[in-house]
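When a residue number appears, it is its place in the shown sequence, counting from 1. From a predicted model like this one, the values you see are computed outputs, not experimental measurements. Computed from heavy atoms alone, side chains included, the values below leave out hydrogens, waters and symmetry copies.
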Amino acid sequence: MLLILVLASWQAFPWAGESIAVVAAAGSRLDKLSLDTVKLIFKRKSMVNAYGDRWIPVNLPPAHPLRRLFSLAVFDALPEDMEEYWNEQYFQGINPPEVLSSEEAVLRFVAATPAAIGYVRQAQADARVKILLRIPSTGDLGEPP
């Protein structure tokens, strides 16, 4: 019975299992990033890239299925599990990444903002951005909000 439910949910969401693309502007001098580097950037432990530009990481809303998968893949924790971490960082003067409302908003912001970095479903990445890392998705993304 469980297998039937899993298969049904897989077919209901045609982009389930699609990779997550970590992206920068198409003109970025960067070619690739490691998962460890992405983790440092989004935890605000790495503030400047190899060229001296200040990173501007952006997130999707905490309830967005892609944000939840990204958080699990990168931090091994859901966004709500990171609250204590961000509370501690806040008192050290470090704010979490800005939150944008949709994947399209991430694409537009990253494309127009030097040193910005975000993530979208790989199929959403287009000529405006460069994929720096592909993270295999092991879960069902569900419907985007």
Side-chain angles (χ1 to χ4, degrees), residues 6-145:
V6 169
L7 289 174
S9 68
W10 185 269
Q11 291 175 345
F13 307 114
W15 44 278
E18 184 177 342
S19 293
I20 302 166
V22 177
V23 296
S28 172
R29 295 180 285 182
L30 298 168
D31 289 321
K32 65 181 178 176
L33 292 174
S34 69
L35 186 61
D36 287 337
T37 300
V38 169
K39 181 177 183 175
L40 292 173
I41 293 166
F42 278 85
K43 285 184 92 174
R44 306 301 301 264
K45 297 290 186 185
S46 174
M47 303 297 268
V48 179
N49 70 23
Y51 299 99
D53 302 317
R54 190 169 184 80
W55 288 117
I56 305 171
V58 293
N59 263 328
L60 290 166
H64 193 290
L66 186 58
R67 163 83 178 270
R68 298 179 74 74
L69 279 179
F70 177 82
S71 292
L72 283 171
V74 176
F75 307 119
D76 199 28
L78 291 169
E80 57 268 23
D81 299 331
M82 302 286 293
E83 285 181 28
E84 186 175 328
Y85 172 81
W86 288 114
N87 286 338
E88 292 172 10
Q89 297 305 304
Y90 178 78
F91 288 108
Q92 296 179 29
I94 300 171
N95 291 321
E98 293 294 322
V99 174
L100 300 178
S101 63
S102 67
E103 291 179 74
E104 180 60 27
V106 170
L107 290 169
R108 289 179 184 187
F109 182 83
V110 167
T113 309
I117 183 171
Y119 53 89
V120 296
R121 287 176 288 132
Q122 183 172 332
Q124 296 297 106
D126 58 26
R128 297 174 287 179
V129 296
K130 178 190 291 187
I131 297 175
L132 301 178
L133 176 67
R134 286 177 180 83
I135 303 171
S137 170
T138 56
D140 184 350
L141 300 178
E143 288 291 339

As an exercise, state the distance from [atom1] of [X] to [atom2] of [Y], rounded to the nearest 0.5 Å.
{"X": "Ile117", "Y": "Trp55", "atom1": "CD1", "atom2": "CH2", "answer": "4.5 Å"}
{"X": "Leu30", "Y": "Leu133", "atom1": "CG", "atom2": "CG", "answer": "12.0 Å"}
{"X": "Ile131", "Y": "Ser28", "atom1": "CD1", "atom2": "OG", "answer": "13.0 Å"}
{"X": "Lys39", "Y": "Ser46", "atom1": "NZ", "atom2": "OG", "answer": "13.5 Å"}
{"X": "Arg108", "Y": "Thr113", "atom1": "CZ", "atom2": "OG1", "answer": "12.5 Å"}
{"X": "Lys43", "Y": "Trp86", "atom1": "NZ", "atom2": "CH2", "answer": "8.0 Å"}

Tell me every residue that passes side chain to side chain donor-acceptor pair (under 3.5 Å) with Thr37, counting only those two or more places apart in sequence or in another chain.
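Side chain to side chain donor-acceptor pair (under 3.5 Å) list for Thr37, sorted by chain: Ser34.
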Without swapping roles, check the side chain of Glu103 against the backbone of Arg121 for a donor-acceptor pair under 3.5 Å.
yes
Does the ring center of Phe70 lie less than 6.0 Å from the ring center of Phe42?
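Between Phe70 and Phe42, the centre distance is under 6.0 Å.
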Would you call Arg134 and Glu18 a salt bridge, taking side-chain N to carboxylate O under 4.0 Å as the test?
no
Taking atom [atom1] as the centre, does [X] end up with more than 12 heavy-atom neighbours from other residues, nucleotides or ligands that are less than 6.0 angstrom away?
{"X": "Tyr90", "atom1": "OH", "value": "no"}
{"X": "Glu84", "atom1": "CD", "value": "no"}
{"X": "Glu104", "atom1": "CD", "value": "yes"}
{"X": "Asn87", "atom1": "CG", "value": "yes"}

May I have all residue pairs that pass salt bridge (Lys or Arg N to Asp or Glu O under 4.0 Å) and include part of residues 44-64, sequence neighbours excluded?
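Applying salt bridge (Lys or Arg N to Asp or Glu O under 4.0 Å) to every pair that reaches into residues 44-64, excluding sequence neighbours, yields Arg29-Asp53.
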Side chains of [X] and [Y] in contact at under 4.5 Å (non-hydrogen atoms):
{"X": "Asn59", "Y": "Pro97", "result": "yes"}
{"X": "Leu35", "Y": "Val74", "result": "yes"}
{"X": "Phe75", "Y": "Asp81", "result": "no"}
{"X": "Val110", "Y": "Val58", "result": "yes"}

Candidate list [options], test side chain to side chain contact (heavy atoms under 4.5 Å, CB included), partner [X], passing option:
{"X": "Pro57", "options": "Ile41, Val22, Val38", "result": "Ile41"}
{"X": "Pro62", "options": "Arg67, Met82, Glu83", "result": "Arg67"}
{"X": "Tyr119", "options": "Val23, Ile135, Leu69, Leu66", "result": "Leu66"}

Where is the tightest heavy-atom contact between Val120 and Ala125, given as atom of each residue plus distance?
CG2-N, 4.0 Å
Determine the minimum heavy-atom distance between Ala26 and Ala127, stating which atoms define it.
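Taking Ala26 first and Ala127 second, the nearest heavy atoms are CB-O, 3.3 Å.
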Non-neighbouring partners of Lys130 that pass salt bridge (charged side-chain N to carboxylate O under 4.0 Å, His left out), sequence neighbours left out
Asp31
